[in-house]
2 protein chains.
Amino acid sequence: MSHRLPPLNGLRAFEAAGRHLSFKAAATELSVTPGAVSQQVKHLEQALGVPLFQRLHRSLILTAQGEALLPEVADAFERLSKASDTVAKALKTKPLRLGISPTLSDEPDRLLARLAGSKRPPDYVRTVATDDLADLLAGRLDALLRPGPGPYPGLHAEVLTLAPGFGVHEKASLVVWPGLARCREFILTRSLLVKD
Amino acid sequence: MSHRLPPLNGLRAFEAAGRHLSFKAAATELSVTPGAVSQQVKHLEQALGVPLFQRLHRSLILTAQGEALLPEVADAFERLSKASDTVAKALKTKPLRLGISPTLSDEPDRLLARLAGSKRPPDYVRTVATDDLADLLAGRLDALLRPGPGPYPGLHAEVLTLAPGFGVHEKASLVVWPGLARCREFILTRSLLVKD
DNA sequence: TAGGCTTACGGTTGCCGTAACCATC
DNA sequence: GATGGTTACGGCAACCGTAAGCCTA
């Protein structure tokens, strides 16, 4: 299944240009200059060996080939966009899965509530009683609270000092995937994502 | 509809790597080095803010997010590939649509047969009695034979000298989209595409 | 004359190969 | 030691912006 794919950026430019029937409008959408779009589309046409637009005076018309290609390309990009958004924004839209080591507490929700300084745990957090780093590594958890300081190579960990009365452990590590900075604030406020 | 798309090359690398569950195999398929694939995937993971693979010793496992993303991405690229192939190879797989000016002959097939030097016209050519350059420009024709020398700005034209008996015109132009060199040979042999 | 497409040119970015390193088997 | 993934570094191609030109309404 060796996908022979044409230039992806060219397809992207073609899709926008075809939707707008304007290189200028496509350029605005893509945050580039019309010249860039023109070059990308020309490049794509050369790669395919097929003209996609008929250049009229200050407007564009799709050729028969362009007309055939556009809906497919648009649909494919739509799919990529949707899927990526869903995956990327899962942290923001779905309940945050927080593993809490049974060693720390046999009542994870109460522990979380105390960490948050409130009587009820945040409603966007779903606690799971687990100690298993593999759950985090496999993506089944978004964060994991474990006793001790770590280290956790390849991950991002933040050491919390637990107030007295949390059990025998004074220190605990809040472990998340790298790319999530200041994870404690994130867990407790669902903000401060490191990206954007 | 401002598609917020992640890095397309990263998605491409991810798709191949996810299918093979191996950066090395993906690299082979993509004709690059494993290092390149590693970088592309890492780049994508950073852009999405989400881990897609769990790196084990000498193998890979998809994370939950990767598992969710892979089929969508694979399907999208499959679609792009299919659509592009269909459009790009139309010239090679579908009958070649050759317009012949009624001025030259009211029996286009006979004229084509004489041009080809045979009794029957090539079976892969479908002649259309038309004079309209717009048919070519809009992609409804692959080539157009018209009397006179042109010029045809923005197109590729080849002047043919017609043998006596073709009518009142001595010279005719075989007009095609640029990117098709030596169009006469192409029409008569269905080969010599300029690309690859 | 204005507006949109094209083209030439140059700078920057991003992609990729090389090579060295690491961690297992 | 072999294998597969990662990283640092450097070269090169691709991409893009600028500016000038072209063409027609």
Side-chain angles (χ1 to χ4, degrees), chain A residues 5-48 51-63 66 133-134 137 151-156 177-179, chain B residues 5-48 51-63 66 133-134 137 151-156 177-179:
Chain A
L5 282 179
L8 295 175
N9 288 329
L11 286 174
R12 181 149 171 54
F14 163 69
E15 192 269 345
R19 203 152 21 81
H20 293 286
L21 287 180
S22 156
F23 285 178
K24 181 184 174 68
T28 302
E29 173 179 322
L30 299 176
S31 306
V32 295
T33 58
V37 175
S38 174
Q39 293 177 48
Q40 290 292 324
V41 171
K42 166 167 289 207
H43 181 206
L44 175 63
E45 288 174 315
Q46 288 172 350
L48 293 177
L52 299 171
F53 288 108
Q54 215 183 132
R55 275 81 167 170
L56 300 187
H57 171 47
R58 277 163 47 192
S59 64
L60 300 174
I61 302 179
L62 286 163
T63 61
L133 205 55
L137 291 170
Y152 295 92
L155 293 173
H156 176 75
W177 279 93
Chain B
L5 282 179
L8 295 176
N9 288 329
L11 286 174
R12 183 148 169 54
F14 163 69
E15 192 269 344
R19 205 152 18 80
H20 293 287
L21 287 181
S22 154
F23 286 178
K24 182 184 174 68
T28 302
E29 173 178 322
L30 300 175
S31 307
V32 295
T33 58
V37 175
S38 174
Q39 293 178 49
Q40 291 291 325
V41 170
K42 166 168 290 208
H43 182 203
L44 175 63
E45 288 176 316
Q46 288 172 352
L48 293 177
L52 299 171
F53 289 108
Q54 213 184 133
R55 276 79 166 172
L56 300 187
H57 169 44
R58 277 165 45 193
S59 65
L60 300 173
I61 303 180
L62 285 162
T63 62
L133 206 54
L137 290 169
Y152 295 93
L155 293 173
H156 177 77
W177 280 93

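Worth saying up front: this structure is predicted, and the values here are computed from it rather than measured. A note on names: the letters A, B, ... follow the listed sequences, proteins ahead of strands, and every chain is numbered from 1.
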Atom-pair distance (CG on Leu8(A); P on dC15(C)), nearest Å: 11 Å
Please identify each residue that fulfils side-chain contact (heavy atoms from CB on, under 4.5 Å) with Pro51(A), with sequence neighbours left out. Glu45(A), Thr63(A), Trp177(B)
Should Leu8(A) and Leu11(A) count as side-chain neighbours, where that means a heavy-atom distance under 4.5 Å? yes
What does nucleotides 3-15 of chain D look like as a protein-contact string, B for base, S for sugar-phosphate only, - for none, at under 4.0 angstrom between heavy atoms? BSSBBB------S
Send over the distance from Gln46(A) CD to dT6(C) P, rounded to a whole Å. 12 Å
Shortest non-hydrogen contact between Ala13(B) and Leu30(B), atoms and distance: CA-CD1, 4.0 Å
Sorted by chain and number, sequence neighbours left out, side-chain hydrogen bond (donor to acceptor under 3.5 Å, both in side chains) with Arg58(A) holds for none
Which donor-acceptor pairs under 3.5 Å do side chains of residues 31-40 of chain A form with protein atoms, sequence neighbours excluded?
| residue | atom | partner | partner atom | Å |
| --- | --- | --- | --- | --- |
| Thr33(A) | OG1 | Ala36(A) | N | 3.4 |
| Gln40(A) | OE1 | Gly10(A) | N | 3.3 |

Test side-chain contact (heavy atoms from CB on, under 4.5 Å) on Gln54(B) and Leu60(B); report intermediate values, then the result. CA-CA 6 Å; Gln54(B) 213 184 133; Leu60(B) 300 173; over 6 Å; no
Not counting sequence neighbours, list each pair that qualifies as a ring-ring contact (aromatic ring centres under 6.0 Å, His included) and has a residue in residues 17-47 of chain A. Phe23(A)-Phe53(A)
Taking every heavy atom of Leu44(B) against every heavy atom of Phe14(B), the minimum-distance pair comes out as CD2-CB, 3.7 Å
Kindly calculate the angle separating the two end axes of the helix from dG4(C)-dC22(D) to dC25(C)-dG1(D), each obtained from five base pairs, and round it to 10 degrees. 30°
